[in-house]
Amino acid sequence: MSLSRITITAVRNLQPVTLSPSPRINILHGANGSGKTSVLEAVHLLGLARSFRSARLQPVIHYDQPSCTVFGQVQLGEGSVANLGIFRDRQGELQIRIDGQNVRSAAQLADLLPLQLINPDSFRLLEGAPKIRRQFLDWGVFHVEHRFLRAWQRLQKALRQRNSWLRHGTLDTVSQAAWDRELCSASEEIDSYRRAYIQALKPVFERTLAELLQLNGLTLSYYRGWDKDRALSEVLAASLPRDQQLGHTQAGPQRADLRLRLAGHNAAEILSRGQQKLVVCALRIAQGHLVNERKRGQCIYLVDDLPSELDEQHRRALCRLLEELHCQVFITCVDYELLREGWHKDTPVAMFHVEHGRITQTQDHRE
Ligand SMILES: Nc1ncnc2c1ncn2[C@@H]1O[C@H](COP(=O)(O)OP(=O)(O)OP(=O)(O)O)[C@@H](O)[C@H]1O
Ligand SMILES: [Mg+2]
């Protein structure tokens with residue numbers, strides 16, 4: 001899928017604007033502070049109903065305005081189109097509209113507009129808390145396995161029940177046993193989807209990484225959140241006294257993680273910043289390939305400040321891989337000379353110059 005039109009109002013410093021992006025490569029260039037990242041924020045808002053910089057939405061709304069809106073027309077393939085709209089105000093009110101109907105869950109947006117973000121914070125996927133890697137993993141599982149969301153909702157509900165019981169001890173033992181069975185069944189289901197996904201992702205990731213970087217011996221493995229040789233019910237029973245002491249459940253899929261290791265070390269500890277960026281790009285591009293294979297349509301890439309940390313050879317290799325995905329890509333950069341050349345002649349490339357919040361299209365992909 002791709003965005004054929006996007007209308008942005010009162011997002012950060014951007015002047016109200018309607019853009020007709022290329023279905024493939026879009027380059028936004030301009031000086032520091034001109035508003036390039038803000039355009040990616042607007043697309044992110046449309047796909048996830050939240051900002052990528054902060055959990056709070058306040059900073060996304062233009063200082064002088066009470067609210068911001070983003071509308072997008074999404075091409076779903078075979079001529080069908082979806083119209084998405086996001087409205088957010090300073091009081092925290094959020095409205096999500098799909099084809100004129102109000103919807104309550106951002107999961108529906110995510111389903112229509114699968115987004116992959118690569119930005120200067122991306123190294124956190126390697127260095128940061130396990131939660132970031134779980135989000136990465138679950139993004140992929142959500143988009144290739146439609147039963148995942150239901151299992152995940154069941155898990156959340158059963159976990160809430162168990163944690164509340166651990167803290168307050170107010171549930172009778174029969175009901176608690178029933179909730180524990182529900183917890184274990186949802187956990188096994190989630191684990192099976194995640195495991196199958198990682199198995200499919202690994203070879204694609206390794207192939208993609210090999211095209212970006214000579215890095216022999218990097219391994220990607222999955223930890224399910226509890227002992228691989230024991231049933232979760234057994235682990236929960238054994239850890240009950242400690243869980244009660246802490247007031248929450250320690251083992252389970254809510255503790256899953258991905259591990260990237262190189263020469264016996266956590267990869268994040270030994271890779272350079274540029275190498276980290278390329279490893280993250282390989283992971284995210286591999287996810288895009290899996291979505292392309294299994295789901296109608298494709299995902300959209302937001303690549304903020306693509307050239308940073310990368311030398312010419314790696315920059316070119318990354319651009320080539322993004323181009324070969326046949327997805328819509330929004331790339332920002334300060335110096336557009338670095339990205340102007342090198343695209344295949346049949347690839348539609350649109351260029352946008354951003355200056356003090358104003359966006360002008362400088363090269364039309366239809367020319
Ligand atoms: N809520 C807001 N209202 C108005 N302006 C804002 C708001 N939040 C941020 N800005 C300003 O918007 C401008 C554009 O920021 P943005 O991050 O999009 O720039 P950029 O073009 O990506 O710059 P860089 O090349 O440095 O990454 C900045 O000058 C910033 O101070
Ligand atoms: Mg920026």
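A side-chain donor-acceptor contact under 3.5 Å links D99 to the backbone of N83. Between the side chain of S164 and the main chain of R160, no donor-acceptor pair closer than 3.5 Å is present. A donor-acceptor pair under 3.5 Å is formed between the side chain of Q275 and the backbone N or O of S272. A donor-acceptor pair under 3.5 Å is formed between the side chain of Q276 and the backbone N or O of A268. When atom types are taken as modelled, the side chain of Q287 and the backbone of F136 share a donor-acceptor pair closer than 3.5 angstrom. Between the T347 side chain and the W343 main chain, no donor and acceptor come within less than 3.5 Å of each other. Not a single donor-acceptor pair under 3.5 Å links the side chain of R124 to the backbone N or O of E127. A donor-acceptor distance shorter than 3.5 angstrom exists from the side chain of H344 to the backbone of D346, with no hydrogens or angles considered. Of the possible polar contacts, one joining the R90 side chain to the Q65 backbone as a donor-acceptor pair under 3.5 Å is found. Side-chain atoms of R284 come within 3.5 Å of backbone atoms of L117 as a donor-acceptor pair (strictly under, hydrogens ignored).
In H248, the NE2 atom is crowded: over 12 heavy atoms of neighbouring residues, nucleotides or ligands sit closer than 6.0 Å. Annotation: R358, atom CZ; neighbour count of heavy atoms from other residues, nucleotides and ligands within 6.0 Å does not exceed 12. Summarising the local packing, CZ of R167 is surrounded by more than 12 heavy atoms from other residues, nucleotides or ligands at distances under 6.0 Å. By the 6.0 Å contact criterion, NE2 on H168 is enclosed, its count of non-hydrogen atoms from other residues, nucleotides or ligands being greater than 12. Within a 6.0 Å sphere centred on CH2 of W226, heavy atoms belonging to other residues, nucleotides or ligands number more than 12.
Atom CD1 of I270 sits about 9.0 Å away from atom CZ of R261, to the nearest 0.5 Å. Taking CG of L201 as the start and CD of Q199 as the end, the distance is 11.0 Å to the nearest 0.5 Å. Taking CD of Q75 as the reference point, atom CZ of R5 lies at 9.5 Å (rounded to 0.5 Å).
Note on ring orientation: taking the six-membered ring where Trp is involved, the planes of F148 and Y193 are perpendicular (angle over 60°, cut-offs 30° and 60°).
Note: the hydrophobic cluster containing L76 also contains L84 (ILVMFWY, side chain heavy atoms under 4.5 Å, direct or indirect links). By the criterion of side-chain heavy atoms lying less than 4.5 angstrom apart, applied directly or through intervening Ile, Leu, Val, Met, Phe, Trp or Tyr residues, L215 is grouped together with L283 in one hydrophobic cluster. L46 and F71 are assigned to two separate hydrophobic clusters, defined by single-linkage of ILVMFWY side chains at heavy-atom distances under 4.5 Å. Placement of V334 and L40 in two distinct hydrophobic clusters is found when ILVMFWY residues are connected by side-chain heavy-atom separations under 4.5 Å, directly or transitively. The hydrophobic cluster containing L109 also contains L94, counting ILVMFWY residues as joined when their side-chain heavy atoms lie under 4.5 angstrom apart, directly or transitively.
In summary, the side chains of Q298 and N292 do not present any donor paired with an acceptor at a separation below 3.5 Å, with no hydrogens or angles considered. Of the N and O atoms on the side chains of Q73 and S4, at least one donor lies less than 3.5 Å from an acceptor on the other residue. Side-chain contact, Q176 with D172: no donor N or O sits under 3.5 Å from an acceptor N or O. For the residue pair N163 / T249, a side-chain donor-acceptor distance below 3.5 Å is found, with atom types taken as modelled.
A salt bridge does not link R315 to E309: none of the charged side-chain nitrogens sits closer than 4.0 Å to a carboxylate oxygen. Classification of R340 and E337 as a salt-bridged pair holds, one side-chain N sitting under 4.0 Å from a carboxylate O. Note on R154 versus E182: salt bridge recorded, some NZ/NE/NH1/NH2 to OD/OE distance being below 4.0 Å. Here R195 pairs with D191 in a salt bridge; the nearest charged N to carboxylate O distance falls below 4.0 Å.
Residues passing the side chain to side chain donor-acceptor pair (under 3.5 Å) test with K277, sequence neighbours excluded: S308. With sequence neighbours excluded, the residues that form a side-chain contact (heavy atoms from CB on, under 4.5 Å) with A256 are R134, R194, Y222.
Side-chain contact between L45 and V60 is present, with heavy atoms from C-beta onward closer than 4.5 Å. Looking at L338 and P307, their side chains come closer than 4.5 Å, going by heavy atoms from C-beta outward. Contact of the W139 side chain with the V291 side chain is registered, since non-hydrogen atoms from C-beta on lie closer than 4.5 Å. Between H44 and R50 there is a side-chain heavy-atom pair separated by less than 4.5 Å. Side-chain contact between Q95 and I86: absent, with no pair of heavy atoms (C-beta onward) separated by less than 4.5 Å. Looking at heavy atoms from C-beta onward, T9 lies out of side-chain contact with L14 at the 4.5 angstrom threshold.
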*Under the side chain to side chain donor-acceptor pair (under 3.5 Å) criterion, do D304 and T37 qualify, and how do the steps go?*
CA-CA 6 Å; D304 199 13; T37 302; 2.9 Å; yes
*Take R207 and E211, measure what salt bridge (charged side-chain N to carboxylate O under 4.0 Å, His left out) needs, and give me the verdict at the end.*
CA-CA 7 Å; R207 259 199 322 274; E211 288 192 42; over 6 Å; no
*For R224 and D257, run salt bridge (charged side-chain N to carboxylate O under 4.0 Å, His left out): C-alpha distance rounded to whole Å, both residues' side-chain angles, the deciding distance at 0.1 Å, then the answer.*
CA-CA 7 Å; R224 67 174 176 170; D257 200 356; over 6 Å; no
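Across all non-hydrogen atoms, the minimal contact from L236 to A251 is CD2-O, 4.0 Å.
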